[in-house]
Trainee: 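Quick one: the structure is below, questions incoming.
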Amino acid sequence: MASGSGSLMWFRKGLRIHDNPALEYAAKGTRFLYPVFVIDPHYMEPDPNAFSPGSPRAGLNRIRFLLESLVDLDLSLKKLGSRLLVLKGEPSEVLIRCLKEWDITKLCFEYDTEPYYQALDLKVKTGASTAGIEVFSPVSHTLFNPADIIHKNGGRPPLSYQSFVKLAGQPSWASSPLSITLSSLPHVGDVGSCEISEVPTIEELGYGESPQDCFSPFRGGESEALKRLRESIADKVWVATFEKPKGNPSAFLKPATTVLSPYLKFGCLSSRYFYQCLQDVYRNVKRHTSPPVSLVGQLLWRDFFYTVALGTPNFDQMRGNRICKQIPWNDNDELLATWREARTGYPWIDAIMVQLCKWGWMHHLARHSVACFLTRGDLFVHWEKGRDVFERLLIDSDWAINNGNWLWLSCSSFFYQYNRIYSPISFGKKYDPNGDYIRHFLPVLKDMPKEYIYEPWTAPLSVQTKAKCIIGRDYPKPVVPHDSESKECRRKMAEAYTLNQKLKGVVSEEDLKNSRRKLEEHPEQEAKTKRIRQKPVG
DNA sequence: ACTGGGTTGAGGTT
DNA sequence: AACCTCAACCCAGT
């Protein structure tokens, strides 16, 4: 049994030293500090049945990003005279055992709004409180406290960005200095009989050799986050003129955005620190862009989705979600698989899906393109299926933001202009007429002339032969014809909207079944859409 | 009941 | 690069 008063700092997200209120409080006035990370097998252990390498919950790129973040955190803690204690098991069981074993009087961890953590944290808090242990769980992942905003709005979250911004106002801590550096931390006490390990490697977790070209180019960790932040804000003109919708989704050698999202997701970077750095830049320039398109605007989008997600039961599904339109999506796993496996036959769509698999990151507008294509634009597959794929493969996948954006793009909530469909051909072409992005991520098309690279099935056979890429053999034909299928999707969306209006949003499983039947009562039209119009090869 | 704004469509014309 | 038109809105907030 360890002696004296001890604090336990439980890291989950918030994998950083700077601006970490829970860590600061844990370190204050204590003899021993135990910084802990618990490896939840469900999140970390290999799942041989998953469609991509990784655990049941996360693809390998995100697991790797997390491990890199933990190694960096451990290094930083060591510089401060401490270290990271890594434990394995069901987190609440592991923690409650540690609390007893180490004679802890103070338990600190960052407040989290995700349903998974809300349930877990309640268990841990109850356990700790019953044992007379002080629990400190501050809000430090977001700019605002989502619960405060919901309360301010009378118990329901604001459902538009503008009303959210108005309601939120200035962040209360905006002008107060944040704690950016710590000079030292209390020692780690005796760990008793608890099984402590170093941060495991990917191999130690049971993952074999993975293909070299599937490594994300983005490295995890607070050090990397702060370096990236410094590089991003060094160009003051770029920061001051940043407009998200004007970014180029096909830029990959130098992405058009900061790529700070994965660092914000794991809390390697404090959103409040990022916010203050941006305000510093704004103060030193004549004019700057504003929300929603500015960089500060992006941080507010993040808080917006966190707030709506916290205040909306069943936010991550269609059924029982009061802000989600009930739409008779089809349940076609065949179509889903072509999308997921980057073989839709639309090079712009497939290249983006390859970037998702290999990098775990793609530009916001690229995400829009493929999300629209899967759901209301072409395939009419349920947004929850696409959400699952993103949630697994993105290194920055964030429960509130990912679900919020899928609701948005599928015209299920927030955004309702279902007539605006991204063209899988012309949208990418306007940014990258030469098709360099496609050539990079789909090397099979690297010699296709630019006239045909967005629609290779229209290339004469002689051109296909010369490019060493025969469509239908080396690269697939389009899974559906965009022109007719997008029209069909518009029709289905219009029907679904009418139904939702008629039934005032209370749409039963039976209503959806009937709706599906009704929508498919046009066999000739259906047959027509299945055929793919293309120039005869040769 | 009304108002007004909706981060980022496509394809055409000026 | 800015501005229509397409076919036609939707809904959150007040």
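What you see below is based on every heavy atom in this structure, not just the backbone, and it leaves out hydrogens, waters and symmetry mates. First the proteins, then the strands, lettered A, B, ... as listed; each starts at 1.
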Trainee: Please output the side-chain donor-acceptor pairs of residues 309-316 of chain A that fall under 3.5 Å, not counting sequence neighbours, one pair per line with the distance.
Mentor:
unit_1	atom_1	unit_2	atom_2	d
A:Thr312	OG1	A:Val308	O	2.6
A:Asn314	ND2	A:Gly320	O	3.0
A:Asp316	OD2	A:Trp399	NE1	3.3

Trainee: Which part of the nucleic acid, if any, lies within reach of A:Lys487 when heavy atoms closer than 4.0 Å are counted: base, sugar-phosphate only, or nothing?
Mentor: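 Nothing, no nucleic acid heavy atom in range.
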Trainee: On DNA chain B, which is the earliest and which the latest nucleotide, 5' to 3', with an atom closer than 4.0 Å to a heavy atom of chain A?
Mentor: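 Under 4.0 Å from chain A, the extent on DNA chain B is B:dG6 to B:dG11.
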Trainee: Base, backbone or nothing for each nucleotide of nucleotides 2-11 of chain C, written B, S, -, heavy atoms under 4.0 angstrom, 5' to 3'?
Mentor: --------SS
Trainee: Would you mind checking if A:Glu384 and A:Arg319 are paired as a salt bridge, meaning a charged N to carboxylate O distance below 4.0 Å?
Mentor: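 Salt bridge: no.
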Trainee: Measuring only the C1' atom in each nucleotide, how far is B:dT7 from C:dA7? A whole number of Å is fine.
Mentor: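 Result for the C1' pair: 23 Å, nearest Å.
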Trainee: With a 4.0 Å cut-off on N to O distance, would you call A:Glu488 and A:Arg491 a salt bridge?
Mentor: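 A salt bridge links A:Glu488 with A:Arg491.
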Trainee: Taking only residues two or more places apart in sequence, or in another chain, which ones meet A:Asp396 in a side chain to side chain contact (heavy atoms under 4.5 Å, CB included)?
Mentor: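 For A:Asp396, the residues satisfying side chain to side chain contact (heavy atoms under 4.5 Å, CB included) (neighbours in sequence not counted) are A:Ser261, A:Pro262, A:Trp361, A:Arg367, A:Leu394.
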Trainee: Does anything in residues 292-308 of chain A come within less than 4.0 Å of DNA chain C? Heavy atoms only, and list the residues if so.
Mentor: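 Close to the strand, none.
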Trainee: Please identify each residue that fulfils side chain to side chain contact (heavy atoms under 4.5 Å, CB included) with A:Asp388, with sequence neighbours left out.
Mentor: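 By the side chain to side chain contact (heavy atoms under 4.5 Å, CB included) rule, A:Asp388 matches no residue at all.
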Trainee: Would you say that more than 12 heavy atoms from the other residues, nucleotides or ligands in this model lie under 6.0 Å from the NZ of A:Lys446, or not?
Mentor: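 12 or below, so no.
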Trainee: For A:Thr289 and A:Glu243, does a side-chain donor sit closer than 3.5 Å to a side-chain acceptor?
Mentor: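 Looking only at side-chain atoms, A:Glu243 and A:Thr289 do not form any donor-acceptor pair under 3.5 Å.
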Trainee: Under the side chain to side chain contact (heavy atoms under 4.5 Å, CB included) test, which residues partner A:Gln276, sequence neighbours left out?
Mentor: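 Here the qualifying residues are A:Trp173, A:Leu178.
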Trainee: Which whole number of Å gives the distance between the P atom of C:dA8 and that of C:dA12?
Mentor: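 That atom pair is separated by 22 Å.
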Trainee: Mind checking what makes salt bridge (Lys or Arg N to Asp or Glu O under 4.0 Å) contact with A:Lys13, not counting sequence neighbours?
Mentor: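 Salt bridge (Lys or Arg N to Asp or Glu O under 4.0 Å) list for A:Lys13, sorted by chain: A:Asp112, A:Glu114.
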Trainee: How is the base pairing of DNA chain C summarised as a dot-bracket string, given the Watson-Crick and G-U wobble criteria with both distances under 3.5 Å, [ ] for crossing and | for another strand?
Mentor: ||||||..||||||
Trainee: How about A:His141 and A:Tyr306: are their ring centroids closer than 6.0 Å?
Mentor: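 Yes, the ring of A:His141 comes within the 6.0 Å limit of the ring of A:Tyr306, centre to centre.
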Trainee: Would you please name every residue forming a side chain to side chain contact (heavy atoms under 4.5 Å, CB included) with A:Asn61, sequence neighbours left out?
Mentor: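 Result, side chain to side chain contact (heavy atoms under 4.5 Å, CB included) vs A:Asn61: A:Arg64, A:Ser216, A:Ile395.
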Trainee: Within 45 degrees of the ring normal and closer than 6.0 Å to the centroid, is that where the cationic atom of A:Arg392 sits relative to A:Phe51?
Mentor: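 Flagged: A:Arg392 positioned over aromatic ring of A:Phe51.
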Trainee: Verify the neighbour count for atom NZ of A:Lys430: are there more than 12 heavy atoms of other residues, nucleotides or ligands below 6.0 Å?
Mentor: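 Yes.
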Trainee: Could you identify which residues of residues 147-163 of chain A place a heavy atom less than 4.0 Å from some atom of DNA chain C, listed by residue number, or say none?
Mentor: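 Contacting residues: A:Pro158, A:Leu159, A:Ser160, A:Ser163.
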Trainee: Let me have the donor-acceptor pairs involving side chains of residues 250-259 of chain A, under 3.5 Å, with sequence neighbours excluded, atom names and distances please.
Mentor:
unit_1	atom_1	unit_2	atom_2	d
A:Ser250	OG	A:Asn248	OD1	2.7
A:Thr258	OG1	A:Leu260	N	3.2

Trainee: For the CG atom of A:Leu374 and the CG atom of A:Leu379, what is their distance to the nearest 0.5 Å?
Mentor: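 These two atoms lie 5.5 Å from each other.
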